[in-house]
Student: 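Please read through the structure below; I'll follow up with questions.
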Number of protein chains: 2
Amino acid sequence: MKSSTLKEIAEKLNVSVSTVSRAVNQKEYVKEETRERVLRALEEYNYVPNEVARSLKMKSTKTIGIVVPDICETLFGMIIKGIDQVVSPQGYSIIVSDTNENKKNEEKYLNLLYQKRVDALVLATVDLKGTKAYEYIKSGIPVIFIDNIPALDIPVESVTIDNAKASQMAVEYLIGNGHQKIAVIGGSVDETTGYERISGYRDTLRKHGIEVDEQLIRYGMYKEDDGFRCMQEFLNNRGQSAFSAVYVTSEMMTFGAMKAIRQYGLRIPDDISIVGFDVHDKAGLVYPSITTVREPEVLIGTKVGELLLARLKKERKDMCQLEEDNKVLLDPDLEIGQSVRCIL
Amino acid sequence: MKSSTLKEIAEKLNVSVSTVSRAVNQKEYVKEETRERVLRALEEYNYVPNEVARSLKMKSTKTIGIVVPDICETLFGMIIKGIDQVVSPQGYSIIVSDTNENKKNEEKYLNLLYQKRVDALVLATVDLKGTKAYEYIKSGIPVIFIDNIPALDIPVESVTIDNAKASQMAVEYLIGNGHQKIAVIGGSVDETTGYERISGYRDTLRKHGIEVDEQLIRYGMYKEDDGFRCMQEFLNNRGQSAFSAVYVTSEMMTFGAMKAIRQYGLRIPDDISIVGFDVHDKAGLVYPSITTVREPEVLIGTKVGELLLARLKKERKDMCQLEEDNKVLLDPDLEIGQSVRCIL
DNA sequence: CTGAAAGCGCTAACAC
DNA sequence: GTGTTAGCGCTTTCAG
């Protein structure tokens, strides 16, 4: 039951390997009769093309590397799914690597994928220096960033949501419901996502003539604990800096914040309104349902897939480096739940 | 910034490719001095081994194919993570394919992975015939099944939980809390998981001298809607067949069932107790928290990884087919929440 | 239309 | 210790 090689088929049929190859790839001119003879033999001898050999020859592995901090996060799962959906019909496969949010791991995986000669790389980096990714780009391998975009001095391609807009939507929704004193729990401002979300918050407040109260801004590292802790601080500090609503910029921190509020004996949205980020309530059983900004995950994936395919096709002719940045910004969604009270 | 080849390095150093190769692979005897000279050159000329060429020669791609119905399901995400954790240190990469629960897709992916010559396959199949997987096994490629195990007439290897035991744990927990009339929502009995879970339920009731009431058994296809519908039927039928608790054998159906109960104006656990399966409440915000049987996901992954590594190592010497089934059964966990009322 | 031959980058006998 | 050589299985000129 071992699958045979072109050469074996060729021998059995007394034709040359090149003829068989041509028949297999439906290329060039092969006499209809021989083609059929070959095709039949392929079946009979159970031929399956060896993509490894083809890769070596063609200098293309039909393989795309995806490196994410945590494959279990719904966001990344969906993105991977989206990418797979669009690239697999073209024969591309996806190698995923889960770095566990660890820089060292990321580097190891990036090296491994380089050895395996992936045709392209999709990267949700935790290394803001992006040193390793730099090497990929330099050697002409298409790299698309999702989530964070590292600071590189060469043109990069990325697909992310418009984080500033996301914050704007969240904050304006709160303002629209009468809230003026809006606290925020941001992520690390060293990262583009964290930075953009917080500045979006600030800008939107200002735009609506609301003064930014630095006491109402806290930062966490995206974990549930961080959300919990920041919320506690807000709550303890409520005497000085009152607020009626809070905007939390990540899913787990949103959960943490909600728990802090509950533990304080306060109710959502009666006492405090909350808008989350990327909250996924698969069960639909969280009460009250959470109003949240949300990335269009699958769309990100399919967009990445399309970009990839486009570049992979072009790359063939001219090993073109990107001339300039291509930062695709997708619109976030605002999913309305019942966690915001209208106080107008 | 293109990485060079062994040959190029060899030329620059005026040594042969094999010497360079030996130095790279730290193999055999190379004079310490030459080794160092080579190693330095590798750095200088930015050499990165071409794994494709090596794969062709070695007939091993250091690549493992994983095919799952839905990568976004926490269960599969965790399993993939677990596998990756144990195989990547050995230089293996993982190609994932998301079949979207579709048999045709599954076949397509299985073919693609075969072409790519993955060294092994991990498969959560939706094709109970397992026709395609059969070919892998026949051609000597290690296959490990997770989740469902197809009916094949050759020895197979699998890592799953002990589904009968899972049901036993769920049902005995309910019985221990005084429940006697226990309804169940099962999955498709054509699949091993569905079948085993339901028979585990039956056996456990009998073992405790409780008669099985067929009216209290319903089947769904694992979707939320199915859980909702089955629960409705139970509820509508409650006049004839009363019950105080329900055991639901999948996560989404559990959510559906809970919604049906709520919509009926009944409370959990006051009116009806519920035990779920594989319920993940990442937020920890579902109220009441759900008592659920749970697969030890990461453990499944790491176990699969170890099995894989073991076979991949052996496979080198003797292309040994499995002599007999190797079905690894892992113990499920019972996570106690507040969805079961004690009526003793 | 078909075949011969080179070569993708690497490993592993086998010589020297 | 090191070099030579023969492929791994495939694609692709270039001849015929």
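Below, chain A is the first sequence line, B the second, and so on; all start at residue 1. Computed from a predicted structure; not experimentally measured.
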Student: When you compare the side chains of B:Asn25 and B:Arg54, does any donor N or O come within less than 3.5 Å of an acceptor on the partner?
Tutor: yes

Student: Once you round to the nearest 0.5 Å, how far does CD1 of B:Ile71 lie from CD1 of B:Ile80?
Tutor: 4.5 Å

Student: What integer distance in Å separates A:Glu8:CD from D:dC8:C1'?
Tutor: 12 Å

Student: Touch check for A:Thr34, heavy atoms < 4.0 angstrom, all strands: base, sugar-phosphate only, or nothing?
Tutor: sugar-phosphate

Student: Is a side-chain N or O of A:Asp98 found less than 3.5 angstrom from the main chain of A:Asn100, in a donor-acceptor match?
Tutor: yes

Student: Can a salt bridge be assigned to the pair A:Lys132 and A:Glu135 using a cut-off of 4.0 Å between side-chain N and carboxylate O?
Tutor: yes

Student: Could you tell me how far apart A:Lys62 (NZ) and C:dC8 (P) are, to the nearest whole angstrom?
Tutor: 22 Å

Student: Any idea which heavy atoms bring A:Tyr109 and B:Ser88 closest together, and the distance?
Tutor: OH-OG, 3.0 Å

Student: Whole Å only: how far is the CD atom of B:Glu33 from the C1' atom of D:dT2?
Tutor: 13 Å

Student: Just to confirm, is there a sub-4.0 Å distance from OP1 or OP2 of C:dG3 to any side-chain nitrogen or oxygen of A:Ser16?
Tutor: yes

Student: Whole angstrom is fine here: how far is it from NZ in B:Lys31 over to C1' in D:dG3?
Tutor: 14 Å

Student: Is a donor from one side chain sitting under 3.5 angstrom from an acceptor on the other, for A:Asp119 and A:Thr63?
Tutor: no

Student: If the sugar-phosphate is the primed atoms plus P, OP1 and OP2 and the base is the rest, what is the B/S/- string for nucleotides 9-16 of chain C, using protein heavy atoms under 4.0 Å?
Tutor: BBBBB---

